[in-house]
Amino acid sequence: MTSAERQALPMSLPFARLLLANGDPDGAALLLKHHLSGLDPDDAPCDLVLLEAAALYSDITGDPGWTRYAVRARLHFPAPRHSVPSPRPAQPDPAGHPTGPGVHRPYANLVPSPDLPMRLLHDAQSLHWQGHCGEAIRTATKALDLWRNQQHDDGGTTLLLWLAAMLCACRRDHDAEAKLFADSRLLPTPGSPERYEFAEYGIRTFARVSATHDQACARWRRPVSLADLGALTLADAAVQPWPERRNRWWGLLLSLADAS
């Protein structure tokens with residue numbers, strides 16, 4: 001497991017559970033296998049996050065090696081770690097924002113904590129999956145802002161990458177590139193092995209988020225009337241589908257330089 005994958009595993013776990021909950025166990029297993037394939041389950045270290053991933057993977061696939069690891073690792077921990085849900089608002093959101101599972105507000109009332117940015121990113125992932133794109137991107141932006149204000153050492157790169165991936169999946173490539181450029185100090189040095197690892201993880205994340213998002217995307221949902229159709233701008237209509245944009249994004253993830 002590379003350093004980039006090690007940092008990304010805590011964020012991939014909620015996404016794997018989301019895939020499973022939405023009837024895609026193969027997708028969830030493939031995502032987890034990507035992180036686990038570089039490890040020997042008989043020699044892997046006892047780690048709470050790795051235990052969660054191994055337990056979920058073995059539940060889906062029945063893999064005997066990772067089943068043995070889960071049994072062994074549980075001897076060191078009372079139980080796999082579960083994410084703590086954000087408090088729900090007592091009243092419906094007066095601004096008309098979507099409510100339901102995975103939607104937690106108001107963020108201004110939450111007590112700051114080291115794990116809050118990642119919890120908000122999990123909310124953003126769920127919102128984006130459900131097609132609440134604008135709310136998802138605002139939530140992911142809030143997560144990155146909170147991380148920056150709390151001055152954490154780790155996590156900023158993952159938060160930035162997921163925000164850019166959501167924007168890209170909504171075919172807002174210019175906005176995604178601008179976000180990465182503005183915070184490019186968080187990215188590894190271009191040309192370094194760490195930067196290549198980041199780009200590899202990044203392009204897989206972009207591809208995974210973009211793969212099926214057109215069907216749910218509020219920005220690209222089929223207009224219900226000719227008037228709505230006319231509201232689509234020529235610039236919007238010209239954006240290419242993900243496979244035709246992949247090579248450009250691979251180059252950007254590899255080489256985008258520090259804005260400073």
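One is the number of the first residue; the rest follow in order along the sequence.
In this structure Asp145 satisfies the salt bridge (charged side-chain N to carboxylate O under 4.0 Å, His left out) test together with Arg148, sequence neighbours excluded. For the side chain to side chain donor-acceptor pair (under 3.5 Å) test, no residue two or more places apart in sequence or in another chain qualifies with Trp242. Residues meeting the side chain to side chain contact (heavy atoms under 4.5 Å, CB included) test with Ala16, sequence neighbours left out: Ala28, Leu31, Leu32, Leu56. Arg72 is linked by a salt bridge (charged side-chain N to carboxylate O under 4.0 Å, His left out) to nothing, counting only residues two or more places apart in sequence or in another chain. Contacts of Trp66 classified as side chain to side chain donor-acceptor pair (under 3.5 Å), with partners at least two apart in sequence or in another chain: none. Looking at residues two or more places apart in sequence or on another chain, you find a side chain to side chain donor-acceptor pair (under 3.5 Å) between Asp175 and Arg172. With sequence neighbours excluded, no residue forms a side chain to side chain contact (heavy atoms under 4.5 Å, CB included) with Asp59. Applying the side chain to side chain contact (heavy atoms under 4.5 Å, CB included) rule to Asp42 yields the partners Asp40, Arg68; only residues at least two apart in sequence or on another chain are considered. In terms of the salt bridge (charged side-chain N to carboxylate O under 4.0 Å, His left out) criterion, residue partners of Arg248 (sequence neighbours excluded) are, by chain and number, Glu177. Residues satisfying the side chain to side chain contact (heavy atoms under 4.5 Å, CB included) test with Thr61, not counting sequence neighbours, are Ala29, Tyr57, Asp63.
Relative ring orientation between Tyr201 and His34 is described as parallel, the plane-to-plane angle staying below 30° on a 0-90° scale split at 30° and 60°.
Between the side chain of Ser126 and the main chain of His122, a donor-acceptor pair closer than 3.5 Å is present. A distance-only check finds a donor-acceptor pair linking the side chain of Ser192 to the backbone of Arg195 [under 3.5 Å].
Here Glu135 does not pair with Lys142 in a salt bridge; the nearest charged N to carboxylate O distance is not below 4.0 Å.
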Exercise for the section: Test Leu120 against Leu159 for side chain to side chain contact (heavy atoms under 4.5 Å, CB included), laying out the working first. Expected result: CA-CA 10 Å; Leu120 291 181; Leu159 293 164; over 6 Å; no
Practice task
Start with the C-alpha distance between His213 and Cys133, add both sets of side-chain angles, then the distance that settles side chain to side chain contact (heavy atoms under 4.5 Å, CB included), and finish with yes or no.
Solution key: CA-CA 10 Å; His213 186 64; Cys133 306; 3.3 Å; yes
Practice task
Test His128 against Cys170 for side chain to side chain contact (heavy atoms under 4.5 Å, CB included), laying out the working first.
Solution key: CA-CA 9 Å; His128 198 255; Cys170 293; 3.5 Å; yes
Practice task
Could you go through the side chain to side chain contact (heavy atoms under 4.5 Å, CB included) check for Arg185 and Leu187 one step at a time?
Solution key: CA-CA 5 Å; Arg185 61 182 179 78; Leu187 308 183; over 6 Å; no
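If you take CD1 on Ile203 and CZ on Arg208, they are separated by 12.0 Å, rounding to the nearest 0.5 Å. Note that CG of Leu253 and CG of Leu180 are 6.5 Å apart. Values are rounded to the nearest 0.5 Å. We find the CZ-CD distance between Arg17 and Gln125 to be 13.0 Å, quoted to the nearest 0.5 Å. With rounding to the nearest 0.5 angstrom, the CZ atom of Arg138 is 9.5 Å from the CG atom of Leu127. A distance of 9.5 Å separates CZ in Phe206 from CZ in Arg245, rounded to the nearest 0.5 Å. The distance from atom CG of Leu39 to atom OH of Tyr69, rounded to the nearest 0.5 Å, is 8.5 Å.
Residues Leu186 and Phe198 form no side-chain contact, since every pair of their non-hydrogen atoms from C-beta on lies 4.5 Å or further apart. Put simply, the side chain of Asp183 reaches to within 4.5 Å of the side chain of Leu144, judged on heavy atoms. Counting only heavy atoms from C-beta outward, the side chains of Val209 and Trp162 approach each other to under 4.5 Å. Taking the side chain as every heavy atom from C-beta outward, Thr139 and Met166 never approach each other to under 4.5 Å.
Between Ile60 and Pro25 the shortest heavy-atom distance is CG2-O, 3.7 Å. Nearest approach of Val49 to Asp47, heavy atoms of both residues: N-OD2, 3.0 Å. Contact detail for Gly202 and Leu161: the closest heavy-atom pair is CA-CD2, 3.6 Å. Minimum interatomic distance between Pro190 and Ser255 (heavy atoms only, all atoms of both residues): CG-O, 4.1 Å. What you find for Ala169 and Ser210 is that their closest heavy atoms are CA-OG, 3.4 Å. In terms of heavy-atom proximity, Leu36 sits nearest to Ala54 at CD1-CA, 4.4 Å.
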